[in-house]
Amino acid sequence: MDCSSDESSELSDTDIDDYADKAYANLKLGKLVARFGADRFRCPFCPGKKKQDYRYNELLQHAIGVGTSNRAAKVKANHQALANHLKTDHADAAGSLPPRQAVALINPPRPVQDQELFVWPWMGILANVPVEQTQRGGAIILQQLAGFKPIHFNAVHCPDGGYTGFAIVRFNKDWIGFKDALGFHNYYKSYHLGKTDWEANKCGKYMFAWLAKEEDYKADDPVGKFLSENGDLKTVAELQQEMSRKTDTLITNLTSQISAKSKYLMELECKCNQMDLALQRAMEDGDSLDQRYNEEMRKMQSTAREHSLKIFHETDQLRKQLDEKENDIKRRSKQLSEIVAQTDMERRKLENERKKNDGQNDSLNMARIEQEKANEGVRILVEKHKKEKEAALNKILQLEKQLDEKHQLELDIQQLRGKLEVVKHMEGEGVDVKKRTEELNRDLQDRIDAMEDLEELNQTLIIKERMTNDELQDAKKELILSLADLLGPRSNIGIKRMGQVDEKPFVEACKPKYGVEADTKALELCSMWQDNMRDANWHPFKIVTTGEKSEQIIDGGDEKLVGLKEELGEEVYKAVTTALVEMNEYNASGSYVVSELWNNKENRKASMGEVVEHILKQWKAKRKR
């Protein structure tokens with residue numbers, strides 16, 4: 001509470017009354033103004049307080065509460081003067097209060113002395129109680145005292161079992177119970193039926209009563225024994241400190257638990273990020289391995305193509321040589337034919353040489369035939385090699401198509417297996433198949449082991465993250481249920497109903513059409529559209545892909561939404577589409593409204609830390625008041 005009084009300058013308790021008289025004089029003379037209307041008041045000593053305007057009973061309660069608190073002496077004196085001013089000079093504004101409420105405000109429950117000891121739980125002593133009224137658990141007595149809200153009745157008996165004429169009534173343990181107990185005590189005292197009156201008379205036809213205190217607790221009689229067995233002696237200040245300490249301890253424990261949960265969640269997020277980084281690196285290694293594989297395939301294809309070209313070139317060279325030799329033989333045969341006419345010897349020579357040349361020519365023809373056969377074998381070998389390459393490439397394409405549907409690590413494994421198949425097909429082309437196969441098998445086994453380790457670690461982290469998330473979700477649900485009354489729509493942190501259609505645009509759209517029945521019609525239409533959103537067969541969304549990212553957006557061409565926009569306008573259309581987007585995001589499968597902690601100031605989902613901070617601020621503000 002922000003008070004203008006200087007709390008650092010203290011007064012002694014003996015000077016409080018004098019200071020309060022001066023403050024009352026300033027209020028009386030109008031130097032300080034507290035009333036601004038028939039039922040509009042302000043505290044002149046708390047100008048910086050968030051709430052400025054009070055009604056009479058609210059300001060009187062504020063002044064009495066601060067005046068009896070443990071605040072600085074000047075603050076207490078100022079607010080005591082304000083309470084006196086309100087009761088004395090503005091009592092006419094209290095006419096709207098019920099009589100008992102007004103009495104409770106003017107006479108708050110407080111002991112005469114701060115160190116006065118009371119029996120706690122609060123108990124009242126009844127004397128001279130007729131024995132017939134103690135029957136049925138004291139139902140008659142409890143009915144007579146119903147205005148003071150007692151919760152239990154006990155008749156006091158002697159050790160031998162005889163009735164003493166005394167009875168004990170108990171009240172609630174809180175401050176409301178203390179107020180009721182003081183009212184009970186003052187009521188009987190005002191009719192001269194209190195403790196002092198009983199001690200003076202100890203007879204008569206009336207029932208006497210008073211609040212149990214230290215003297216009764218320590219008395220050596222059945223009443224004192226009952227009180228000592230069922231209660232303790234405590235001052236009001238001790239109880240106030242004890243309750244405050246318990247509340248502080250509870251809040252501290254809750255804050256520590258939430259901090260520990262948040263820290264554990266952050267650790268899990270860090271581990272998940274590390275796993276994502278490791279997976280990304282593994283994928284990069286797989287891409288690098290794939291790139292090297294493709295490069296090696298290109299090199300092997302290039303080598304095979306060069307080898308085929310070399311074979312074709314050598315075949316052409318041999319064919320040219322055979323053609324040259326055949327031409328030379330023909331030329332020499334022609335020369336021999338020209339000299340046939342020469343001598344028989346020469347003719348025989350020529351004949352023999354011709355035969356010899358014919359034999360050589362036959363040999364050359366046979367060689368050419370063999371060469372053609374060799375060429376045909378080379379061609380068949382090249383075509384077979386080409387088909388094998390095409391089959392390998394088709395298998396690689398098939399593997400790449402399958403790898404698109406599986407995990408990146410499985411892609412590495414399939415590629416390594418494809419390498420083994422390609423190496424087997426390249427046997428005899430200068431490739432060390434056994435060595436290459438062993439290398440690829442080792443690499444393949446390493447990839448499989450890495451994939452199994454990563455999958456096992458990933459599953460463990462997913463389970464831990466899911467368990468932690470379930471715990472946080474359960475805590476969040478309990479927090480929403482517990483704080484439904486505390487978190488309002490005007491506070492910074494509130495509870496928003498995700499997927500609920502806003503009624504205001506419907507009311508505004510129905511006013512011109514339906515007049516006085518606009519509210520009823522708007523409620524009917526809003527309920528109808530809320531039911532439409534629960535229809536599993538209606539899904540007015542479409543998927544839009546931007547780069548590699550796909551997302552669902554409202555389908556502007558949906559017939560129902562187009563009809564709604566034409567019938568009731570743009571604002572109603574926005575209200576329904578906003579609720580659709582919220583429901584699709586927060587509860588797409590269930591299609592029902594869910595509650596979510598919401599930051600009203602920034603219009604976004606609130607974190608658990610923000611909610612705890614908001615609750616602590618409200619609690620501290622209530623303690624100051």
Side-chain angles (χ1 to χ4, degrees), residues 1-3 7 49-50 61-62 64-72 75-76 108-111 113-123 151-152 170-182 214 217 228-267 467-488 491-495 597 599 606-625:
M1 183 178 297
D2 299 321
C3 295
E7 297 188 13
K49 194 171 182 293
K50 184 175 181 181
Q61 187 176 6
H62 163 71
I64 292 173
V66 177
T68 58
S69 65
N70 295 326
R71 302 292 297 275
V75 178
K76 293 171 63 176
R110 51 184 294 188
Q113 298 179 356
D114 291 340
Q115 298 303 320
E116 189 173 6
L117 291 169
F118 296 87
V119 177
W120 186 86
W122 320 115
M123 299 185 190
I151 61 174
H152 199 267
R170 303 190 192 187
F171 300 90
N172 287 314
K173 295 182 179 181
D174 54 16
W175 296 120
I176 297 176
F178 183 52
K179 175 185 173 183
D180 294 332
L182 283 179
E214 180 181 10
Y217 183 87
S228 61
E229 289 176 353
N230 295 277
D232 297 316
L233 286 177
K234 292 188 180 181
T235 64
V236 174
E238 289 174 348
L239 284 173
Q240 186 176 7
Q241 292 176 0
E242 182 178 350
M243 291 183 179
S244 177
R245 184 170 59 255
K246 289 181 179 179
T247 305
D248 292 341
T249 302
L250 177 61
I251 292 177
T252 302
N253 292 336
L254 290 175
T255 305
S256 300
Q257 291 178 8
I258 293 174
S259 299
K261 292 288 185 181
S262 300
K263 183 177 179 181
Y264 182 63
L265 181 60
M266 291 178 64
E267 291 177 355
M467 292 173 62
T468 304
N469 188 52
D470 291 341
E471 292 178 1
L472 287 177
Q473 290 299 323
D474 292 340
K476 186 176 181 182
K477 290 179 181 177
E478 291 296 330
L479 189 62
I480 290 174
L481 293 175
S482 302
L483 302 180
D485 296 331
L486 181 62
L487 301 178
S491 60
N492 290 340
I493 303 299
I495 297 175
L597 293 170
N599 190 320
S607 64
M608 295 296 287
E610 292 174 336
V611 175
V612 173
E613 183 180 358
H614 178 73
I615 295 171
L616 289 177
K617 285 183 179 178
Q618 287 195 341
W619 179 79
K620 290 179 180 178
K622 287 186 178 180
R623 284 193 64 193
K624 291 183 179 179
R625 287 199 292 268

**Request:** With the side chain counted from C-beta on, respond yes when S228 and Y217 share a heavy-atom pair under 4.5 Å apart, and no when they do not.
**Result:** yes
**Asked** Are F178 and F118 near enough that their ring centres are under 6.0 Å apart?
**Response** yes
**Fill in**
The salt bridge (charged side-chain N to carboxylate O under 4.0 Å, His left out) partners of K234 (sequence neighbours excluded) come to E242
**Request:** Check P121 against G231 and note the closest heavy-atom contact, atom names and distance.
**Result:** CD-CA, 4.2 Å
**Message:** Ignoring hydrogens, what is the shortest heavy-atom contact between N172 and I151? Give both atom names and the distance.
**Reply:** OD1-CG2, 3.5 Å
**Request:** Evaluate the criterion side chain to side chain contact (heavy atoms under 4.5 Å, CB included) for residue pair D180 and W122; output intermediate values, then yes/no.
**Result:** CA-CA 9 Å; D180 294 332; W122 320 115; over 6 Å; no
**Request:** Cation-pi check, K173 to W120: give yes when NZ or CZ is under 6.0 Å from the six-membered ring centre and within 45° of the ring axis, no otherwise.
**Result:** yes
**Message:** Restricting to side-chain contact (heavy atoms from CB on, under 4.5 Å), what partner residues turn up for T252, sequence neighbours left out?
**Reply:** S256
**Asked** Between the side chain of Q241 and the main-chain N/O of E238, is any donor-acceptor distance below 3.5 Å?
**Response** no
**Prompt:** CD1/I258 to CG/L265 distance, rounded to the nearest 0.5 angstrom?
**Reply:** 13.0 Å
**Asked** Could you give the distance from CG (N230) to CE (M123), rounded to the nearest 0.5 Å?
**Response** 5.0 Å
**Message:** Set out, in order, the CA-CA distance, both residues' side-chain angles and the distance that settles side chain to side chain contact (heavy atoms under 4.5 Å, CB included) for E116 and V236, then state yes or no.
**Reply:** CA-CA 8 Å; E116 189 173 6; V236 174; over 6 Å; no
**Message:** Heavy-atom count check: over 12 atoms from other residues, nucleotides or ligands less than 6.0 Å from I176 CD1?
**Reply:** no
**Request:** Please assess D232 against V119 for the test side chain to side chain contact (heavy atoms under 4.5 Å, CB included), listing each intermediate value before the final yes or no.
**Result:** CA-CA 5 Å; D232 297 316; V119 177; over 6 Å; no
